[in-house]
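See structure below.
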Amino acid sequence: MEAALEQARRGLAAGEVPIGAVLVIDDRIVSSAYNQPIGAVDPTAHAEILVLRDAARAIGNYRLTGATVYVTVEPCLMCVGALVHARVREVVYGAAEPKTGALVSTVRALESPGLNHRFAVTAGVLEQPCRDLIQDFFRTRRSE
């Protein structure tokens, strides 16, 4: 999660919403990214989507069955869908996202009966630093 937090800080420095993600296979970081919708002019350029794209290219397969994705904030519905399609093994996140989180907060997407894959979820890893980073970002934005 420390590596995901570092990515989130890079996103903050780039003027993006500070969310970072890393994808790990066999205890090795295969891919890392931060949110980039503003800079990439791409509404799908969330950190989770970017690590999935990069990792799939790196291993030559869109199915990332042995992967664990670490992300600083609970994924949104779009990202949960992509994580399902990639068939990741587990998602580990830091802070819950009460407005758009799609694992436990607003939608429990993995409970959808039509899914052909589900992954393990671990919540609250380094929760406070993850929460502080995103809350400070939005607090600063609102005061500008």
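Bear in mind the structure is a predicted one, so any value in this text is a computation, not a measurement.
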Looking at His117 and Val88, would you say the former's side chain and the latter's main chain have a donor-acceptor pair under 3.5 Å?
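Such a contact is found between His117 side chain and Val88 backbone.
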Has the side chain of Arg131 got a donor or acceptor atom that lies under 3.5 Å from a matching backbone atom of Pro129?
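Pair absent, no side-chain N/O of Arg131 close to backbone of Pro129.
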Are any non-hydrogen side-chain atoms of [X] and [Y] less than 4.5 angstrom apart?
X	Y	answer
Leu133	Thr72	no
Phe138	Val17	yes
Asp54	Val30	no
Phe119	Thr68	no

Heavy atoms only: give me the nearest [X]-[Y] pair and the separation to one decimal.
X	Y	result
Leu50	Ala45	CD1-O, 3.7 Å
Pro18	Ile134	O-CD1, 4.1 Å
His85	Arg87	O-NH1, 2.9 Å
Val51	Ala21	CG1-O, 3.4 Å
Pro37	Pro43	CB-CA, 4.4 Å
Ser32	Val22	CB-CG1, 3.5 Å

Fellow cluster residues of Met78, listed by chain then number, with links counted only when side-chain atoms sit under 4.5 Å apart:
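Met78 clusters with Ile49.
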Tell me whether [Y] is reachable from [X] by hopping between hydrophobic residues (I, L, V, M, F, W, Y) whose side-chain heavy atoms are closer than 4.5 Å.
X	Y	value
Tyr34	Val73	no
Val84	Leu77	no
Leu23	Tyr62	no
Val71	Leu126	yes

For residues 103-111, dump all side-chain donor-acceptor pairs below 3.5 Å to protein atoms at least two apart in sequence or in another chain.
{"residue": "Ser105", "atom": "OG", "partner": "Glu74", "partner atom": "OE1", "Å": "2.5"}
{"residue": "Ser105", "atom": "OG", "partner": "Glu97", "partner atom": "O", "Å": "3.4"}
{"residue": "Thr106", "atom": "OG1", "partner": "Gly101", "partner atom": "O", "Å": "2.6"}

Separation of [Y] [atom2] from [X] [atom1] (nearest 0.5 Å):
X	Y	atom1	atom2	answer
Leu64	Ile59	CG	CD1	4.5 Å
Leu83	Glu48	CG	CD	6.5 Å
His46	Cys76	NE2	SG	5.0 Å

Hey, could you give me each pair passing side chain to side chain donor-acceptor pair (under 3.5 Å) that has a residue in residues 10-20? Not counting sequence neighbours.
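Qualifying pairs: none.
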Going by the side chain to side chain donor-acceptor pair (under 3.5 Å) test, which pairs reach into residues 17-29, not counting sequence neighbours?
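Found none.
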Just jot down the side chain to side chain donor-acceptor pair (under 3.5 Å) partners of Arg53, sequence neighbours excluded, or say none.
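Result, side chain to side chain donor-acceptor pair (under 3.5 Å) vs Arg53: Thr44.
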Kindly write out the residues that satisfy side chain to side chain donor-acceptor pair (under 3.5 Å) with Glu2, not counting sequence neighbours, or none if the list is empty.
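Once residues adjacent in sequence are excluded, Glu2 has no partner under the side chain to side chain donor-acceptor pair (under 3.5 Å) criterion.
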